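No experiment lies behind these values; they were computed from the predicted model shown. Nothing fancy with the numbering, it's 1 onward along the sequence.
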Amino acid sequence: MGRQYLGPYVNFQGRAREAMEFYRTLLGGTLTLQTMDQQGAAKPAGPGDRVSYARLEADGVVILGSDGHPSYPPTVGDNVAIALGGTDKARLTRVFAELSAGGALKGPLTDQGGVTTGWLTDRFGINWMVTIDRA
């Protein structure tokens, strides 16, 4: 069995860098901010870059987020999801399928620059982001 994590994923609607740097000042830890190049490959986000992926890890806490997509602003309550991820591809693929049963698939499990990510709302109305990391 591979490593696994669970935490919130937040669409900060253009304020991911500001929010995640604030949380790092409070919690400490390691902050990763990434953007995408023209080919869709992940690279470190520089000042002024749109943050496509943010991750803060501090003493067992994991917070994930992004700037979101400007063409698709979230509605209140739809800007937060439970982020489940890890390296056990078979297990997380099964969990994704079972969570989507009776719910709504928002984005199938798709390779996105070395990780596989999918979005769904489960049958209880809870948003989920499932990510399969490289082992």
Side-chain angles (χ1 to χ4, degrees):
M1 176 183 280
R3 132 188 106 73
Q4 190 169 251
Y5 59 87
L6 182 75
Y9 173 89
V10 183
N11 176 340
F12 289 103
Q13 200 58 32
R15 298 181 69 192
R17 179 184 302 274
E18 176 187 356
M20 296 297 277
E21 286 177 349
F22 173 68
Y23 299 150
R24 180 180 56 187
T25 63
L26 298 175
L27 302 170
T30 303
L31 177 61
T32 302
L33 298 172
Q34 294 181 337
T35 191
M36 295 206 169
D37 65 17
Q38 295 292 340
Q39 291 74 37
K43 67 176 192 171
D49 285 340
R50 185 180 155 279
V51 175
S52 60
Y53 177 79
R55 180 185 185 113
L56 175 63
E57 290 191 54
D59 298 325
V61 172
V62 177
I63 301 173
L64 304 171
S66 76
D67 279 334
H69 194 286
S71 298
Y72 306 102
T75 57
V76 173
D78 199 33
N79 64 325
V80 177
I82 296 173
L84 172 64
T87 57
D88 189 333
K89 183 176 182 175
R91 181 171 191 228
L92 290 168
T93 300
R94 179 184 50 77
V95 168
F96 184 83
E98 290 179 16
L99 281 169
S100 65
L105 186 63
K106 292 183 171 184
L109 286 171
T110 305
D111 181 54
Q112 297 186 2
V115 299
T116 301
T117 303
W119 294 87
L120 63 95
T121 301
D122 70 18
R123 64 183 179 204
F124 304 105
I126 303 301
N127 294 307
W128 289 82
M129 177 185 83
V130 176
T131 302
I132 303 167
D133 299 318
R134 285 174 271 195

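Both V61 and Y23 are part of a single hydrophobic cluster, where members link through side-chain heavy atoms under 4.5 Å apart. In this structure, M129 is not a member of the same hydrophobic cluster as F124, with clusters built from ILVMFWY side-chain heavy atoms closer than 4.5 Å. Clustering ILVMFWY residues whenever any of their side-chain heavy atoms sit less than 4.5 angstrom apart, transitively, puts L26 in the very cluster that holds V10.
By the 6.0 Å contact criterion, CZ on R15 is open, its count of non-hydrogen atoms from other residues, nucleotides or ligands being 12 or less. Atom CG of D37 has more than 12 heavy atoms from other residues, nucleotides or ligands within 6.0 Å.
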Which atom pairs, donor and acceptor, lie under 3.5 Å between side-chain atoms of residues 93-100 and protein residues at least two apart or in another chain?
| from | atom 1 | to | atom 2 | distance (Å) |
| --- | --- | --- | --- | --- |
| T93 | OG1 | K89 | O | 2.7 |
| S100 | OG | F96 | O | 3.3 |
| S100 | OG | A97 | O | 2.9 |

In a table with atom names and distances, give each donor-acceptor pair under 3.5 Å that connects a side chain of residues 69-86 to protein atoms at least two apart or in another chain.
| from | atom 1 | to | atom 2 | distance (Å) |
| --- | --- | --- | --- | --- |
| H69 | ND1 | S71 | N | 3.0 |
| D78 | OD1 | K106 | NZ | 3.0 |
| D78 | OD1 | N127 | ND2 | 3.0 |

Exercise for review: Could you give me the CA-CA distance, side-chain angles and deciding distance for L27 and L56, then say whether side chain to side chain contact (heavy atoms under 4.5 Å, CB included) is met?
Suggested key: CA-CA 9 Å; L27 302 170; L56 175 63; 4.2 Å; yes
Point to revise | Criterion side chain to side chain contact (heavy atoms under 4.5 Å, CB included) on L33 and E21, from CA distance to verdict | key: CA-CA 10 Å; L33 298 172; E21 286 177 349; 4.2 Å; yes
Exercise for review: For Y5 and R55, run side chain to side chain contact (heavy atoms under 4.5 Å, CB included): C-alpha distance rounded to whole Å, both residues' side-chain angles, the deciding distance at 0.1 Å, then the answer.
Suggested key: CA-CA 12 Å; Y5 59 87; R55 180 185 185 113; 3.5 Å; yes
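Relative ring orientation between W119 and Y9 is described as perpendicular, the plane-to-plane angle rising above 60° on a 0-90° scale split at 30° and 60°.
In this structure, S66 contributes its side chain and N11 its backbone to no donor-acceptor pair below 3.5 Å. Of the possible donor and acceptor atoms, one in the side chain of D67 sits under 3.5 Å from a partner among the backbone N and O of V51. Panel note: side chain T121, backbone I126; no donor-acceptor pair is recorded below 3.5 Å.
Cation-pi contact between R17 and F22: absent, since separation from the ring centre below 6.0 Å together with deviation from the ring axis within 45° is not met.
Residues in residues 120-135 take part in these salt bridge (charged side-chain N to carboxylate O under 4.0 Å, His left out) pairs, two or more places apart or across chains: R3-D133.
Interatomic distance, K43 NZ to Q38 CD, rounded to the nearest 0.5 Å: 8.5 Å. The structure places CE of M36 at 4.5 Å from OG of S52, a figure rounded to the nearest 0.5 Å. Here the CD-CD1 distance, from E57 to I63, works out to 11.0 Å after rounding to the nearest 0.5 Å.
The minimum heavy-atom distance linking G29 with A58 is given by the pair CA-CB, 3.7 Å. For Q4 against L92, the heavy-atom pair with the smallest separation is OE1-CD2, 4.2 Å.
Between M20 and the options L31, L64, T32, a side-chain contact (heavy atoms from CB on, under 4.5 Å) holds for only L31.
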